[in-house]
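Everything below concerns the one structure shown next.
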Amino acid sequence: MTVKNDIVLWDNGIDKFCLLKAPNEQQYKYIDGVPCITFGISYENTSFKGYDTFTLFDHFYSNIVNEIESTYTSLNGSFRIYDVGADTDGYIELVMTNGKLSVKGQLGASFSSHSLMFEFEADQTLVGNLLQEITF
């Protein structure tokens with residue numbers, strides 16, 4: 001399973017952060033019968049652009065959705081999205097304090113020839129957009 005459509009989660013003219021539909025060949029089913037969701041994340045600014053694919057299995061997916069909902073409704077909290085496979089050590093970490101959001105992450109594996117570490121500030125709308133798109 002993947003997200004239905006590509007969506008821009010945040011674009012302030014400097015930082016652009018997107019959730020992307022994963023191509024069929026990148027959608028993983030590591031364990032038969034265990035539901036999972038696979039999606040792409042891209043980040044770009046005026047100098048750099050990066051992309052990574054993340055797969056969340058059922059129990060991790062459920063926990064992340066609960067953490068995102070809690071963070072969004074209280075406007076405070078944090079959560080970390082990372083791929084459960086061994087092919088990347090990429091991650092996205094979101095920390096919200098009183099509606100102000102700090103996003104940092106790494107797209108691509110640090111052990112590969114290309115990866116991108118990034119950090120930017122946003123607001124709660126990014127978390128709301130993310131929650132809406134990954135909740136089925």
Work out which heavy atom in Arg80 is nearest to a heavy atom in Phe60; give both atom names and the distance.
O-CZ, 3.9 Å
Decide yes or no for Leu107 and Tyr51: does some side-chain heavy atom of the first lie under 4.5 Å from some side-chain heavy atom of the second?
no
State, with a plain yes or no, whether a side-chain heavy atom of Phe79 is found less than 4.5 Å away from one of Asn63.
no
Report whether Phe48 and Phe118 are members of the same hydrophobic cluster (ILVMFWY, side-chain heavy atoms less than 4.5 Å apart, transitive linking).
yes
Please give me the minimum heavy-atom distance between Tyr72 and Gln124, naming the atom from each residue.
CE1-O, 3.4 Å
First locate atom CD1 of Ile64, then atom CZ of Phe54, and finally report the distance between them rounded to the nearest 0.5 Å.
11.0 Å
Nearest 0.5 angstrom please: Leu9 CG to Lys16 NZ, how far?
11.0 Å
Separation between CG (Leu131) and CG (Leu126), nearest 0.5 Å, reads 11.5 Å
Can any side-chain N or O of Glu69 pair as donor or acceptor with the backbone N or O of Thr71 at less than 3.5 Å?
no
Ile7 with Val127, same ILVMFWY side-chain cluster at under 4.5 Å
yes
Under a 3.5 Å distance rule, please check whether Asp6 uses its side chain to pair with a backbone N or O of Leu20 as donor and acceptor.
no
Nearest 0.5 Å, please: how far is CG in Asp15 from OH in Tyr43?
3.5 Å
Would you say that Ile81 contacts Ile41 through its side chain, given a criterion of any heavy-atom pair below 4.5 Å between the two side chains?
no
Measure the CD-CD distance between Gln106 and Glu93 for me, rounded to the nearest 0.5 Å.
12.0 Å
Only counting residues at least two apart or in another chain, list the ones meeting salt bridge (Lys or Arg N to Asp or Glu O under 4.0 Å) with Glu67.
none
Distance-only donor-acceptor check, side chains Thr125 and Asp123, under 3.5 Å:
yes
In terms of hydrophobic clustering (I, L, V, M, F, W, Y; side-chain heavy atoms under 4.5 Å; direct or indirect links), are Ile92 and Val95 co-clustered?
no
Does Asn98 reach the side chain of Leu75, with side-chain heavy atoms less than 4.5 Å apart?
no
Taking the side chain as every heavy atom from C-beta outward, state whether Thr135 and Ile68 have any pair of such atoms under 4.5 Å apart.
no
Might you point out which heavy atoms bring Glu119 and Lys104 nearest each other, and give the distance in Å?
CG-CB, 3.8 Å
Just how far is it from atom CD of Glu133 to atom CG of Leu19, taken to the nearest 0.5 Å?
6.5 Å
Test item: Tyr91 and Asp52 side chains (from C-beta on) under 4.5 Å apart, heavy atoms:
no
Report the relative orientation of the aromatic rings in Trp10 and Phe120; use parallel for angles under 30°, tilted for 30 to 60°, perpendicular for over 60°.
parallel
